Amino acid sequence: MYAARYNGHSDRHERIDFLTSKEKASSKRKLGAVIGVLLAVLILAAVAAFLIWLFVFKDAEEATLSKQQKPAVLVFSGHMKTPDIPYKQKLEDTSSPEFEALAEKLEGVLEENLKKNPLLATYYTKSVVTAFSEGVIAYYWSQFDVPVEDLEVVPEISEELVSETLENGIKEQQRTRSVGQIKISEITATLTDSRMARNPRANECFFRLEAEETESQFSSPGYPGGYPSKSRCQWQIRASASNVISVTFPFFHVEDDCSDDFVSIYDSLSPDDSQTITEKCGHRPPSNPLEVVSSGNIMLISLITDSETQRPGFQALYKAIPKSKVMTCGSVLSASSEVFTSPLYPSFYPPAMDCKWTIKVPAGKKVRVKFTLFRMKEPGVDTRVCHKDYVEVSGNKFCGELSSLALTSTTNTLDVTFHSDESYTDKGFRAEYSAYDPRNPCPDMFACASGICIARELKCDGWNDCGDMSDEMKCGTFPLQSIACLMNFLKECDKDQFNCGNGLCKPKLWVCDRVNDCGDGSDEKSCSCEENEWRCGDGVCMPQDVVCDTKTDCEDGSDEASCETSPGICSAFSFKCKSGDCVNKVNAECDRVDDCADNSDEASCKCGTRPYKLNRIVGGQNAELGEWPWQVSLHFLTYGHVCGASIISQKWLLSAAHCFVTHDPANQVTSNWQTYSGLQDQYKHDDVQRRAVKTIVSHPDYNQMTFDYDIALLELSEPLDLTDTIQPICLPAPSHVFPAGMSCSVTGWGAVREGGQKSQLLQKASVKIINDSVCNVVTEGQVTSRMLCSGFLTGGVDACQGDSGGPLVCFEESGKWFQAGIVSWGEGCARRNKPGVYTRVTKLREWIRKTTGI
C-alpha cells in the first residue's frame, strides 16, 4: 500500500488508492528477485572471503605458526647385526621378497622393543629397514612424533634412552629367544636429521649403484639446470668386499647455507652421524674438488635441498679401489729431506686409519718438520684435546685447522703418527721434513724454540713471528755482568720499546693505541684518563660529556663510533638510511639485520662474497683461482699489467688516481687501457673478461705531491658478466669502522720485492690496520684523513710497485668482505717502520656515490 498527495482538485482532499491483485503479484516477483540477488551476492562474498583466507590469511597463519612452535619429528638411525642369517645378493634389492621378509621381521623387533618404554611408546610412529650388507648388517631408522603440546618431553627422548631401551630389549629377547626368532648381536642408535629418513621402497630419487674398477658417474636431479627445492635424494653405493669406494665431485655447486641445502656422505648405508665422512655445501673450485673414500665397501650419499634458490647441484664420479692400496700408510723415511702426507692427500683421508712415519736422519743431526697444510676439522672437537682425528708428535696431539705448525726432534729420530676415527674426515696434512745441525740450526737466521727459522730482523720487533713468542723473549741488549743482572736482562727492552708485564718487548708507538699488543693488557693499563674523562683512540683525554653528543670531538671520531643514541640523532659515525633516518650502530650495513625502517642498510649487499670454497695454504702467497674475485688487472698499451683495480659494480671499477694523473697525458687516454677481470695468471686468459675503458674519473682534488685524494673510477665500455671468479666488493658506508689491529688482505701482481719484477701469479698478503697516530708518526706527518696505514712496522709484508690501485679488503663477521683502502703509496716496499699507505675509502664514499650512483 502506498499514499500519494493529489493536487488536481480544488477541495484538496487526499486520495488513497489500494493495490489490485495483479499489482500484488508483480510486487512479490520483484521482492523475490531482490532477495535472490542478495543471496547471490552473499554467496559470492563468502566464496571470495574463503579464497582470500585460503591464499592470503591461511599462508599468514601458517607463517605465524611456523615462527611459533611446531610438532617435533625425532629420528634415530643405526644398524643391527644378525650373525645367524646367511647373506644373499637379493637382500641388496629393496623390491625383492627376501628383502621385504627380513625387513618386516626386523621392523617388528624394533617396534616391539621401543614400545617397552612408556615414554617412547607414547610417541613412536614407525621403523624402517633401509638396507643390508655383508654380516648380515641391517640399517634402519625409527621415528617419534611429538605434538606441540608435549614439546617439553623432547629432551627426554634422547639418544641414550633409545639406545639403552633397544639394547636392554634385545638382551632380554636373546635370553628368552624361541625357535625361529632372529638373533641380534649388536644394535646402535644415533639421533639423525629427520630429513634423512628415506624409505628405500619408494623409488623417487633413490638409487642403488655398484662401484667397479672402471669409473662411472651420477649427478644430482636437474643437473646442471638446477636441483628442485624440497629434494630428498639418496645414493647407496656398494663394491665387492675386497674394495673401498672412491667418489670425486668434479663439479659441486650447492647453496652456501648448509642448514638448508647440503650433501652428506656416510661410511655406512645409514645416515648415522657417527659414520659421517663429511657434510658439504657451497661452491668448490676446480682447484679444490671434493674427493672422499670409504673405509669399507659401502657408502651412502644424501642430498637435502630446502631453500628456494636452485643451484646447479653436482656431478660425481665413483669407482672401486683395492682396499690394500688405500688402507696402508706410513713408512720409514731416511732421506735428508722429504715430503709425506696423510693418506690419499689432497683427497679426504679415509675413516678408521692409523699410520706411523719414522724419520731417521744421520747421527748428530736433528729433524725439523713443517706442515704446509694442516686441516682436520670436525664438529664438536676441542682442539686442546684432539680425541678424534689427530697427528701426534713427541706425545703432543694436533687437530683442527692450523695456520702454522713446525716441530723439531730432540734426537736424530722422530715419529709422526696419524689417526682418524669412524666419522668426519678432512683434507689431512702435507708435511716436509729436513735434517739440520743443532749447533747451527738456522744459518744466518734466528732459530725459534719451535724449530722455525725466521729473519734475524724479526727478533724483538713486537710481533710473534715464531708462533711461540720465542722471538720476543730475552730482548735486552745490556751486557750481563753477574747472575743478579739476569732477571733484569730478561725484562729490559730496547730504548724504543715498551716493557710488557709478561716480559715481552713491544714498540713504544703501540702503547695506548687501544689494542692489547702485549697480550696481558699492560701496554694499555696506564692509559686511562680521569674518571670524568673519555680517552680517544689516539690517547687524548676529553671531557666525558663529549661522548655521543653527535659531534666528532676526538680526532679519530672514537667518541661517536658506537653510540646507542636515540633514533634520528645523526653523527659522523651514524649509518644514514635512504629515508634520512640514522642508525647509531657500528657497521650496520650488510650485517643481515634490518636496522633501517626502509631496509636500505641491507638493500645493496650483493657483494663481497667469494663463490668458491677455498683451502687455506699455510704460508702460501699465491692466490687461488676465484679467491679474490673483485681483483682487476689494468694493462696500459703494450706494457702489460701496470696497476690494479677492484670491481664495485658490473660497469664501474675503483682504482688510484696516480695510475692515470701523471706527467704523461697518454695515461688519461681511455683507449690506452684494457681491464682484465677474473684473472689469476697474467699469461692465462681462460674465462677472463677483457673490457675497454669508457671513462676515467680521477678525484678533482687529487694532489700529485702528497697523494691526497688518490682515488679514481673507471667506467667500462660494456658491463661485466658476474661469475664464480668475477664479483663486486662491498663498499663501506662513511660510518664504517676498521679498527686498529684488524687483519685485512692486500692483493696484486706487483713486484714481490723492492726493485724486483712484477709477479705472473696474483699475490696475496695478510696485513694489519695500523693506528692513525702511529701511522702519522712513522710517516712523519705525511698522512691525511683520507689515508690509512696497514702492514707491519717490522716490514717484510707490504704492497709494492704494480699493486697501485688494488684493494685492501677486510672480512667482517657478517660474512662480507669490505674494501677499506686503495693501494696508494709507501716508502720503498716492506721496509721496517714504513708501512703501506692506502686511500681511505670511507672518507671518499660519498664522492663514489655521486659519481657512479652506487
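The analysis underlying the following values was restricted to heavy atoms, covering all of them including side chains, and did not include hydrogens, waters or symmetry mates. For clarity, every value in this text was computed on a predicted model and none was experimentally measured.
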>> Applying side-chain contact (heavy atoms from CB on, under 4.5 Å) to Arg690 and Thr675, what does each step give before you reach the verdict?
In response: CA-CA 6 Å; Arg690 189 175 79 165; Thr675 72; 5.9 Å; no
>> So Ile769 and Pro739, do their side chains get closer than 4.5 Å, heavy atoms only?
In response: no
> Taking SG to SG, are Cys590 and Cys605 separated by less than 2.5 Å?
Replying inline: yes
> In terms of side-chain heavy atoms, does Ser814 have a donor or acceptor partner in Asp591 at a distance below 3.5 Å?
Replying inline: no
>> Show the nearest heavy-atom pair for residues Leu634 and Gly644, with the distance to one decimal.
In response: CD1-O, 3.7 Å
> Do His658 and Ser804 have side-chain atoms, one donor and one acceptor, less than 3.5 Å apart?
Replying inline: yes
>> For a quick check under 3.5 Å, do Ser633 and Gln682 share a side-chain donor-acceptor pair by atom type?
In response: yes
>> Considering only residues two or more places apart or on different chains, which pairs with a residue in residues 719-748 satisfy disulfide bond (SG atoms under 2.5 Å apart)?
In response: Cys607-Cys730, Cys744-Cys810
>> Restricting to non-hydrogen atoms, name the atom on Gly678 and the atom on Val688 that form the minimum distance, rounded to 0.1 Å.
In response: O-CG2, 3.6 Å
> Would you say the side chain of Leu720 lies within less than 4.5 Å of the side chain of Ile647, judging by non-hydrogen atoms?
Replying inline: yes
> Nearest 0.5 Å, what's the SG-CG distance between Cys789 and Asn776?
Replying inline: 8.5 Å
>> Main chain of Asp710, side chain of Thr839: is a donor-acceptor contact present, judged purely on distance under 3.5 Å?
In response: yes
>> Checking the side chain of Asn672 only, and the main-chain atoms of Phe636 only, is there a donor and an acceptor separated by less than 3.5 Å?
In response: no
>> Does Asp687, at its CG atom, have more than 12 non-hydrogen atoms belonging to other residues, nucleotides or ligands within less than 6.0 Å?
In response: no
>> Are the side chains of Phe262 and Lys280 in contact, using a 4.5 Å heavy-atom criterion?
In response: no
> Would Asp708 and Arg786 pass as an ion pair if we require N to O under 4.0 Å?
Replying inline: yes
> Can you list the residues that meet the salt bridge (Lys or Arg N to Asp or Glu O under 4.0 Å) rule with Lys606, with sequence neighbours excluded?
Replying inline: none
> Quick one: does Ile711's side chain get under 4.5 Å of Ile822's, heavy atoms only?
Replying inline: yes
> Relative to the ring of His253, is the ring of His283 parallel (under 30°), tilted (30 to 60°) or perpendicular (over 60°)?
Replying inline: parallel
> Are His699 and Trp847 near enough that their ring centres are under 6.0 Å apart?
Replying inline: yes
>> Closer than 3.5 angstrom, by distance alone: can the side chain of Arg840 be matched with the main-chain N or O of Met787 as a donor-acceptor pair?
In response: yes
>> Walk me through whether Thr747 and Gln631 qualify under side chain to side chain donor-acceptor pair (under 3.5 Å).
In response: CA-CA 8 Å; Thr747 50; Gln631 177 74 50; 2.5 Å; yes
>> Test side-chain contact (heavy atoms from CB on, under 4.5 Å) on Trp817 and Arg610; report intermediate values, then the result.
In response: CA-CA 9 Å; Trp817 288 86; Arg610 303 193 292 196; 3.8 Å; yes
> With distance as the sole criterion, is a donor-acceptor pair present between the side chains of Gln819 and Ser646 under 3.5 Å?
Replying inline: yes
>> If I compare all heavy atoms of Gln674 with all of Arg691, which pair ends up nearest, and what's the gap?
In response: OE1-O, 3.4 Å
> Hey, what's the ring geometry for Trp825 with Phe707, parallel, tilted or perpendicular (30° and 60° as the breaks)?
Replying inline: parallel
> When you measure from the side chain of Ser600 to the backbone N and O of Ala603, does any donor-acceptor pair fall under 3.5 Å?
Replying inline: no
>> Would Leu625 and Leu762 count as a side-chain contact (heavy atoms from CB on, under 4.5 Å) here? Give the steps.
In response: CA-CA 9 Å; Leu625 180 67; Leu762 180 63; over 6 Å; no
> Do we see a donor-acceptor contact under 3.5 Å between the side chains of Ser677 and Gln689?
Replying inline: no
> Do Glu589 and His736 have side chains that get closer than 4.5 Å, going by heavy atoms?
Replying inline: yes
>> Using side chain to side chain donor-acceptor pair (under 3.5 Å), reason through Thr305 and Asp261 one step at a time and then give a plain yes or no.
In response: CA-CA 4 Å; Thr305 68; Asp261 298 1; 5.1 Å; no
>> Are Leu761 and Trp749 packed together at the side-chain level, in the sense that at least one heavy-atom pair is separated by less than 4.5 angstrom?
In response: no
> After noting the C-alpha distance and the side-chain angles of Ser745 and Trp628, does the key distance pass the side-chain contact (heavy atoms from CB on, under 4.5 Å) rule?
Replying inline: CA-CA 10 Å; Ser745 295; Trp628 311 103; 3.5 Å; yes
>> Would you compute the distance between atom CH2 of Trp673 and atom CG of Leu716 and round it to the nearest 0.5 angstrom?
In response: 13.5 Å
> Given the rule in the salt bridge (charged side-chain N to carboxylate O under 4.0 Å, His left out) test, do Lys764 and Glu627 qualify, once you have shown the distances and angles that lead to the verdict?
Replying inline: CA-CA 9 Å; Lys764 61 182 178 181; Glu627 188 172 3; 2.9 Å; yes
>> I need the minimum non-hydrogen distance between Thr383 and Gly400, along with the two atoms involved.
In response: CG2-CA, 4.0 Å
> Is it true that a side-chain atom of Gln782 and a backbone atom of Thr779 form a donor plus acceptor pair closer than 3.5 Å?
Replying inline: yes
>> Quiz question: by atom type and distance under 3.5 Å, do the side chains of Asn288 and Glu624 form a donor-acceptor pair?
In response: no
> Taking Leu654 as the fixed residue, which of Thr852, Ile848, Leu844 is the one that meets the side-chain contact (heavy atoms from CB on, under 4.5 Å) rule?
Replying inline: Ile848
>> Does either side chain, that of Asp664 or that of Thr662, offer a donor lying less than 3.5 Å from an acceptor on the other one?
In response: no
>> Quick check for you: to the nearest 0.5 Å, what is the distance between Ile729 atom CD1 and Thr609 atom OG1?
In response: 9.0 Å
>> Within the 3.5 Å criterion, strictly below it, is a donor on Ser743 or Ser766 matched to an acceptor on the partner's side chain?
In response: yes
> Asp256: what forms a salt bridge (Lys or Arg N to Asp or Glu O under 4.0 Å) with it, not counting sequence neighbours?
Replying inline: none
> Does any non-hydrogen side-chain atom of Lys694 lie less than 4.5 Å from one of Glu715?
Replying inline: yes
> Could you give the distance from SG (Cys281) to CZ (Arg311), rounded to the nearest 0.5 Å?
Replying inline: 11.0 Å
> If you look at every heavy atom in Val841 and Pro732, which pair is closest and at what distance?
Replying inline: CG1-CD, 3.8 Å
>> With heavy-atom distances below 4.5 Å as the criterion, would you say the side chains of Thr725 and Tyr612 are in contact?
In response: yes
